[in-house]
Structures are given as C-alpha cells and as structure tokens.
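Hydrogens, waters and symmetry mates play no part in the numbers below; they use all other heavy atoms, side chains included. We count ligands from 1, going down the list as the structure has it; atoms in each ligand are counted the same way.
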Amino acid sequence: MKLNDPRLFRQYAYIDGKWVHGDGGHEEAVIDPATGETLGHIPSLEPGQISAAVAAADSAFVQWRALRVDERCERLLAWYDLLQANREDLATIMTLEQGKPLPDARGEVEYGASFVRWFAEEGKRTFGQTIPSHIPNAALGTIKEPVGVAALITPWNFPLAMITRKAAAALAAGCPVIVKPASETPFSALALAELAERAGIPAGVFNVVLGDAAMVSEVLCSEERVKALSFTGSTPVGRLLLEQCASTVKRVSLELGGNAPFIVGPDVDPKEAALAAVAAKFQTAGQDCLAANRILVHEDVHDEFVECFAERMKALKVGNGLVSEIDLGPLIHGRAVEKAASIVDDALSKGATLVHGDQSMAPGPNFFMPTLVTGVTAQMKIWREENFAPVAGITKFSSDDEAIELANDTEYGLAAYIFTHDIRRIWKMLRALQNGMVSVNSVKMTGPPIPFGGVKQSGLGREGGTSGIDEYLDTKYYCLGGLGSVSGS
Ligand SMILES: NC(=O)c1ccc[n+]([C@@H]2O[C@H](COP(=O)([O-])OP(=O)(O)OC[C@H]3O[C@@H](n4cnc5c(N)ncnc54)[C@H](O)[C@@H]3O)[C@@H](O)[C@H]2O)c1
Ligand SMILES: N[C@@H](CC=O)C(=O)O
C-alpha cells in the first residue's frame, strides 16, 4: 500500500494508547474487494483483552471528563486538522479496503472530518436549564454530564464517517470510546486511532478493538462499566444488541437499515428525476443506508422516466476504485454479489421485467453490474429487503395516496425522497411518510448539522445536529433547598 505516511497503516488493535496483538495469536486477513488480494492482517483479540479495553477506558474517563470542555474540544480540532492533512492517505486506505471510488473516499474523509469539527463546537453548548422553582426557598435546574464509557460498533460501507459521527460526539461530551469496526474495513479505524493519538487524545480515551464480532459485542454489551452502546449496521444485528444491552440497562443508539422510497410525482421532468434517482441509487455501488431502494413513479411519467434512467445507468463505469473515472467499485464480498443476484432472480421469477443489467460484463468476481427491473411488486424480495447492491426496482403508481401507502409498506423508516413541485403534494407526503428523514427535490440530505436517524425498525436516537451529543449525556436534576427567600424568585 503506497501512502505518504506509512505509519497510518496499522495492523494491530489499539488499547490504552498501545498497539497490541491478540493474546491468542489469532489473526484475520483483510481483503481488497476489487482484486481479492490480501491487504494485511489484523489481530483477533481474546475476551480478556476486550475487558482490558473497557478497564482502560473506564479509568481514562476520570481525567477526560475532568478536562475543561474547551480543552477537550481543542484536541478534537487538532484531530480534525490531522484528518484533513492526511486526507489522501485516508482515502487510499478506504478505497483499498472498502472498494469505493477514490473521489468518493476523499468525500467520505471530508464528511467524516466535518463531524469532528461540528462536535468540537457543539461540545461547548451542552447547556443545562434553570427551572422556575415550585418549591419554597429552593433553586432548581439541570446539568448535563457524560454518561461514561461508550462502545461504538460500526459497519463497512462508510468505514470512517460512521466512526467519527459517533466518536466526536462522545469525546466532546466527555466519554471515552471503544470502537469495534467491521472486520472488512478495520484499517480506516486504526488510522483514526493513530491520528487521535497525534492530536493529543490521551491513552484509554480512544480505543479500537478487533476480533470475532459476536464475542466482542457480547463482552461490551454485558460490561457494567460500558454505559452507552451506539451501533450502526443491519437491523437484525441491531435487534440482537438491543437485547444484549438489556441486562445492564445501557443507553442504546441504533442506526439501522433503510429501504428508502423514491417517489416521482406526475408533474416533474422525468429526465431530471431519473438523473436524481440514479444518483440516489448507485452511490457506493448501492451499499448505502440512504440508497433509493424502491423507486415509485407516477404512471403519467413512468415510461419516459424508465428510458432516461436506463440510459443514464448504462453510462456508469464499473471497476477498481483506484482507477480514475470509475463510478461504481466492487461489492464488499462474494456473499453480497450472491445476494444481489438472488434478489434479481427472485424479482424476475415473480414477473418483473429486466430492463438492463448484464453480469457477463462484470470486471471481477466481486463486481455487480448496475441492474434495472420494472414491474416490482410487494411480493418480491427487492421490495421487502434492503438490497444493498446496484439493483434498482421501479413500481408504477396512480395516486398520491397509493404512493404513500406503498412507501410506508415496510418495517424500515430511515430516509425517503420525494420529487414533485406541487407544494400541497409535498406537504401531504412529508407528513404522511413514516421516515426519520425526508428529502424533497434533493438527493443530498446529510451533513453534520442534521439529526440523522430513522423511525420504525431503522433505529433509535439521532446522530449529528444539535441532538447527536445528547446520546452521550445524562441530565442531572438538582434542587438546592433551604436557600431562604429571594425577592422575585
Ligand atoms: N442508519 C445508518 O446510519 C446506517 C449507516 C450505514 C449502514 N447502515 C446499515 O448497515 C448495514 C450494512 O452494514 P453491515 O453489513 O456492516 O452490517 P452488520 O450489521 O452486519 O455489521 C455491523 C457491525 O456489527 C458487527 N456484527 C456483525 N454481526 C454481529 C453479531 N452477530 N453480533 C455483534 N456484532 C455483529 C459487524 O462486525 C460490524 O462491526 C445495512 O443494513 C445499512 O443500512 C445504516
Ligand atoms: N450515507 C449515509 C450512511 C449510510 O450508509 C450517511 O450519509 O451517513
């Protein structure tokens, strides 16, 4: 791996400010999904090492929370500067382990860094309240205090930003973190640890643990000293972790799967809407929780929309993300390719029409060519499941009420897109859609200032925005009694 700073490529876990091997000597290979080559190896830690990380974080909590907030936030800003200064290396690491095209990886580094800067500012605004007293001779109010050690479990599709969106909020609040990245993409997390150390974040405050996911999560969830768990990943694993955290009644934040509807009204230019839908579907090769998973198009514009969508997707270039002008990299592994193929087969066997998608053109075993099927119905897997692949499915509708009913016909409720210029339709749909985030006439919706999160089985809590830091704060109420009477109080 060619990096300007080779020390950003670490093949150890990071606990209490030290780079460590697994006590049992077990290792796991990390594979470049584009080439199948081994990029490096990471240790598989033993349960006792996960507990040691918890102990380190717990003892670091005392000093970290005791720092003045502006001192904590200065270190976050130093971390932000280092992320920016090392953007090229971080993007290279990400493209190699995740597969996304290098410009997208650079974009994710920017996006991930932006959360660090945001929370370095937000950390200074964790205001409590003064409460007008109903108790004689007393002063009432609240103080915000850090919850304690936070465990952060993250996915492979956004290997850097899904960590910083959590970690920056937790660190700003005064909570040490233990990060468990996906085993497919550990090197971005380890590079973040190296830069956190250089930014002056003390030993034990930012830890990265690696190893068998079920074992690591079980230890973290059952540990009394871990006070908060923040997870981004699939809904089935989120359900499991929620259950595992019940025994210690932890604060749990979940950012789970999506099955986003993309609604195209009868009044829009079908070409414009099709370009937007292609952008909303094929980012990160469809492996995005915000990907337009079910495209609902009004019958008046359906045929023209399908034609424009197919034309645009045919121009997408598929290949190794390190090569210039590539639009779609590989899927993360062979299982993802098999799942994509089975979703297409299932749709075709149940009556959908294949408009485009020739897998014989795939440049390697982990690649899946952009595919479009029409005539999708609620009986098909492509409708019910988050396909997490460059597979687009289109369904026709004939009224606003039908579009809303179709859009809400899922257990998920992360994001939804609406394309129409009719303000009444916009307002009606905006209010009726069961989603945590609704984007109208825009593909881009995310960024540090927004409360990111879902309803239904897409999650609990919000990340980013002014509320993201609350996931790591307790509200302490105080009643200062016996103060004597103060005129006017
Ligand atoms: N809502 C959001 O903000 C958001 C963002 C990104 C990804 N996602 C979702 O993440 C999913 C894709 O990511 P993924 O495949 O890495 O998800 P995943 O649930 O398989 O894995 C996520 C993390 O959980 C760990 N894990 C896996 N199995 C586990 C188990 N049995 N016990 C404990 N931990 C386990 C993994 O190692 C990884 O670190 C999609 O559903 C996507 O929508 C959601
Ligand atoms: N694209 C999302 C991550 C989901 O996979 C984001 O913007 O945070």
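- Residues with a heavy atom under 4.0 Å from ligand 2: Tyr111, Asn157, Phe158, Met162, Arg165, Asp288, Cys289, Leu290, Thr446, Phe452.
- A donor-acceptor pair shorter than 3.5 Å cannot be found between the side chains of Ser458 and Lys456.
- No side-chain donor-acceptor contact under 3.5 Å links Thr185 and Glu97.
- A salt bridge links Arg87 to Glu110: one of the charged nitrogens lies within less than 4.0 Å of a carboxylate oxygen.
- Annotation for Phe9: atom CZ counts as buried by contact number, over 12 foreign heavy atoms lying within 6.0 Å.
- Heavy-atom neighbours of Glu405 CD from other residues, nucleotides or ligands within 6.0 Å: at or below the threshold of 12.
- Arg165 forms a cation-pi arrangement with Phe452, by the criterion of a distance under 6.0 Å to the ring centre and an angle within 45° of the ring axis.
- Donor-acceptor pairing under 3.5 Å is recorded for the side chains of Thr232 and Lys166.
- A donor-acceptor contact closer than 3.5 angstrom links the side chains of Asp409 and Trp383.
- A donor and an acceptor atom, one from each side chain of Tyr14 and Glu194, are nowhere located under 3.5 Å apart.
- Protein residues with a heavy atom under 4.0 Å from ligand 1 are Ile153, Thr154, Pro155, Trp156, Asn157, Met162, Arg165, Lys180, Pro181, Ala182, Ala213, Ala214, Ser217, Phe231, Thr232, Gly233, Ser234, Val237, Leu240, Leu241, Glu255, Leu256, Gly257, Gly258, Cys289, Glu386, Phe388, Leu414, Phe452.
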